[in-house]
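Everything numeric in this text was worked out from a predicted model, so none of it was measured. Counting starts at 1 for both ligands and their atoms, in listed order. Just so it is clear, the values below take in all heavy atoms, side chains as well, and ignore hydrogens, waters and symmetry mates.
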Amino acid sequence: MEKHLVSDLPKSSERPERLHEAMNYSLRVGGKRLRPVLVLASYDLFPGTLNPTHAALAVEIIHTYSLIHDDLPAMDDSDLRRGSPTCHRAYDEATAILAGDALIPLAFEVIAHGYRDSPELGLKLVSILANASGSKKLVGGQMEDLLAEGKSPEEDTLSFVHANKTAAMIEASLVMGFMLGSKGQDIELINKVTKAGNSLGLAFQAVDDLLDVTSTTEKLGKDAAHDKEANKMTWVNMVGLEKARLLAEEYTECALSTLREVGGDYPFLLDLFSYMLRREN
Ligand code: GRG
């Protein structure tokens with residue numbers, strides 16, 4: 001993945017250099033690469049003949065754009081991301097906006113080019129990624145998250161935000177990887193993978209909420225206690241630490257049991273799901 005993040009991106013030396021530098025900066029500065037690993041591991045459940053790397057790269061590109069824009073002064077106004085200055089701090093606000101903007105079409109270009117010999121599948125992947133990152137999912141979740149700041153917690157809003165801002169991209173990662181594999185046409189299995197991805201995404205967000213209050217800025221590579229300061233609606237604010245931890249465990253358990261129903265070569269993914277519950281950043 002790291003190799004492709006170097007070889008498959010516009011070079012920083014290409015004009016406009018500042019824009020390409022900023023795009024490369026945010027993509028290479030770090031990050032767990034969780035979503036691309038989910039794409040690759042989901043493909044490995046029932047491997048086929050197609051290369052899942054392009055889909056994995058596209059998902060990480062969209063995720064990175066969303067982080068760049070989320071960090072902007074108009075949104076979370078964060079100084080630190082992936083252990084380094086945020087894009088607008090390392091460059092400037094206009095460059096960060098444009099870097100995020102340019103990453104969106106790049107992701108779709110990576111898919112269109114990578115799967116040009118399997119156009120039908122390529123179109124399905126474009127559609128899944130566009131849907132997961134669009135106004136009803138990622139961007140919609142972000143909108144409701146911003147609208148909810150400072151308001152008293154409501155379960156309906158919290159569920160909407162978590163399902164769409166966070167879980168949709170995690171779910172899409174698993175589904176895209178699976179669809180590239182040899183059982184990628186099996187609707188029943190796709191539905192199970194979707195369910196596992198949704199549960200995993202909700203568990204991921206519950207852990208994210210917990211880490212915001214239990215971890216440090218150094219460990220997280222982003223500002224700790226940020227949710228509290230911004231008066232964000234989180235599980236911790238809503239039900240407290242203990243119950244938020246229980247929720248994370250329940251969602252993880254659901255993801256694990258659904259994954260077992262999917263079958264295939266799942267030991268790595270099972271370990272990854274469990275690690276995600278124990279993660280420290
Ligand atoms: C600006 C459209 C738009 C959306 C922003 C990414 C995002 C939505 C908000 C970031 C804030 C946040 C806590 C989101 C939920 C969880 C999440 C996506 C965390 C970041 O993902 P990680 O931990 O990050 O996988 P790395 O850096 O490891 O890739």
Side-chain angles (χ1 to χ4, degrees), residues 1-2 5 25-39 56-57 59-78 80-88 96-97 99-101 103-104 107 129-149 158-173 197 200-213 215 217 219-230 232-237 244 248 251 272 275-281:
M1 212 55 255
E2 298 302 323
L5 280 168
Y25 170 79
S26 286
L27 269 164
R28 294 192 203 156
V29 78
K32 296 181 284 298
R33 310 297 189 215
L34 185 65
R35 291 153 194 81
V37 172
L38 287 173
V39 175
L57 186 61
V59 167
E60 184 68 8
I61 291 172
I62 290 285
H63 170 60
T64 302
Y65 120 73
S66 76
L67 298 179
I68 295 176
H69 280 190
D70 183 64
D71 291 333
L72 287 168
M75 297 208 204
D76 270 5
D77 196 9
S78 302
L80 201 65
R81 171 67 69 181
R82 296 178 158 173
S84 292
T86 47
C87 192
H88 66 278
I97 293 172
D101 287 345
L103 287 175
I104 305 170
L129 189 57
N131 179 268
S133 57
S135 64
K136 295 181 188 169
K137 305 268 180 165
L138 174 68
V139 179
Q142 176 77 351
M143 181 81 251
E144 292 233 359
D145 191 27
L146 293 174
L147 290 172
E149 267 176 28
L158 195 66
S159 300
F160 182 92
V161 169
H162 289 184
N164 296 299
K165 185 182 82 168
T166 310
M169 284 293 290
I170 289 180
E171 184 186 304
S173 305
L200 183 70
L202 295 174
F204 181 86
Q205 183 59 61
V207 173
D208 212 74
D209 289 357
L210 284 161
L211 287 175
D212 183 72
V213 288
S215 193
T217 299
K219 270 192 186 164
L220 292 177
K222 60 179 182 180
D223 303 330
H226 169 81
D227 294 342
K228 210 172 161 205
E229 275 163 30
K232 289 256 182 204
M233 221 178 259
T234 70
W235 278 124
V236 175
N237 288 345
Y251 285 132
L272 183 60
Y275 153 77
M276 284 166 69
L277 181 65
R278 298 188 312 269
R279 73 191 169 97
E280 291 188 338
N281 72 10

Atoms in ligand 1 with a heavy atom of Arg35 nearer than 4.0 Å | 18 (C), 21 (O), 22 (P), 25 (O)
Of all the atoms in ligand 1, which lie at a distance below 4.0 Å from a heavy atom belonging to Tyr65?
-> 2 (C)
Which part of Asp70 is near ligand 1, with near meaning a heavy atom under 4.0 Å away: side chain, backbone, both or neither?
-> both
Backbone or side chain, does any N or O of Ser66 fall under 3.5 Å from an N or O of ligand 1?
-> no
Looking only at protein heavy atoms, which one is nearest to atom 13 (C) of ligand 1, and how far off is it?
-> Asp208 OD2, 3.1 Å
Look only at the side chain of Arg33 and the backbone of Glu2, and say whether a donor-acceptor pair between them is shorter than 3.5 Å.
-> no
Think Arg81 forms a cation-pi with Tyr25, using NZ or CZ under 6.0 Å from the six-ring centre and within 45 degrees of its axis?
-> no
Looking only at heavy atoms, which two atoms of Leu38 and Ser173 are closest? And how far apart?
-> CB-CB, 4.0 Å
Residues Arg82, Asp71: salt bridge by 4.0 Å N-O rule | no
Which residue and non-hydrogen atom of the protein lie closest to atom 24 (O) of ligand 1, and at what distance in Å?
-> His63 NE2, 3.5 Å
Give a yes or no on this: more than 12 heavy atoms of other residues, nucleotides or ligands lie within 6.0 Å of atom NZ of Lys136.
-> no
Nearest atoms (heavy-atom pairs only) where Ala132 meets Ala172 = CB-CB, 3.6 Å
Where ligand 1 meets His69 - atom numbers and elements under 4.0 angstrom, heavy-atom basis = 1 (C)
Return a yes/no value for Lys165: is any of its N or O atoms, backbone included, closer than 3.5 angstrom to an N or O of ligand 1?
-> no
When you check the gap from the basic side-chain N to the acidic O, do Arg279 and Asp208 get nearer than 4.0 Å?
-> yes
Has the side chain of Thr64 got a donor or acceptor atom that lies under 3.5 Å from a matching backbone atom of Leu27?
-> no
Say whether, by atom type as modelled, one donor and one acceptor occur between the side chain of Asn237 and the main chain of Lys232 under 3.5 angstrom.
-> yes
Tell me, which protein residue and heavy-atom name are nearest atom 5 (C) of ligand 1, and how many Å apart are they?
-> Gln142 OE1, 3.4 Å
So which heavy atom in the protein is nearest atom 16 (C) of ligand 1, and how far is it from that ligand atom?
-> Gln205 OE1, 3.5 Å
Looking at atom 27 (O) of ligand 1, what's its closest protein heavy atom, distance included?
-> Arg82 NE, 2.8 Å
Sub-4.0 Å atoms of ligand 1 with respect to non-hydrogen atoms of Thr166 | 15 (C), 16 (C)
Atom 23 (O) of ligand 1 [closest protein heavy-atom partner, distance rounded to 0.1 Å] | Lys32 NZ, 2.6 Å
Heavy atom under 4.0 Å from ligand 1: found in Met169's side chain, backbone, both, or neither?
-> neither
